[in-house]
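Written out below as structure tokens is the structure these notes cover.
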Amino acid sequence: MSDAYNVTADELRQFIERYEQLDSEEKDVKNQKVELMAEAKGRGYDTKVMRKVIALRKRKPDEIAEEEAVMEMYKAALGMN
């Protein structure tokens, strides 16, 4: 084998191992999120609403306001106000 091949193989192995490590960490974080929501639910919080609030916090205020305005318009058109 040439030295270039060995370096490439080593580098490839490092990328794969880093990816596998990130995969493992991602699974750990997912499990922690599940446990956190279970704890919140156990304390009486509505986890469905919590998830909606978390999603809203990720968005820009202008996007939220626009969506809420459209929602109100649609509700009014359907007599839901």
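None of these values were measured; they are calculated from a predicted model. The first residue of the sequence shown is numbered 1, and numbering continues consecutively from there.
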Point-to-point distance, once rounded to the nearest 0.5 Å, from [atom1] of [X] to [atom2] of [Y]:
X	Y	atom1	atom2	result
Lys27	Gln32	NZ	CD	14.5 Å
Asp28	Asp23	CG	CG	10.5 Å
Asp62	Glu67	CG	CD	13.0 Å
Met71	Glu68	CE	CD	8.5 Å

Original post:
Which pair of non-hydrogen atoms, one from Ala40 and one from Thr47, has the smallest distance, and what is that distance?
Top reply: CB-CG2, 4.4 Å
Original post:
What heavy-atom pair brings Leu56 and Ile64 nearest, and what distance separates the two atoms?
Top reply: O-CD1, 3.4 Å
Original post:
Below 4.0 angstrom, N of the basic side chain to O of the carboxylate: do Glu26 and Lys30 qualify?
Top reply: no
Please determine whether the number of non-hydrogen atoms from other residues, nucleotides or ligands lying under 6.0 Å from atom [atom1] of [X] exceeds 12.
X	atom1	result
Arg57	CZ	no
Met80	CE	no
Glu72	CD	yes

**OP:** Would you please say whether a donor-acceptor pair under 3.5 Å links the side chains of Gln21 and Glu25?
**Re:** yes
Subject >> In one Ile/Leu/Val/Met/Phe/Trp/Tyr side-chain cluster, 4.5 Å: Tyr45, Ile54 >> reply: yes
**OP:** Flag the pair Met50 / Lys41 as yes when at least one side-chain heavy-atom distance between them is below 4.5 Å, and no otherwise.
**Re:** no
**OP:** Find out whether Val29 and Lys33 are in side-chain contact, i.e. whether some heavy atom of one side chain is under 4.5 Å from a heavy atom of the other.
**Re:** yes
**OP:** Given side-chain contact (heavy atoms from CB on, under 4.5 Å), test Arg43 with Glu39 step by step and report yes or no.
**Re:** CA-CA 6 Å; Arg43 292 181 177 256; Glu39 181 180 348; 3.7 Å; yes
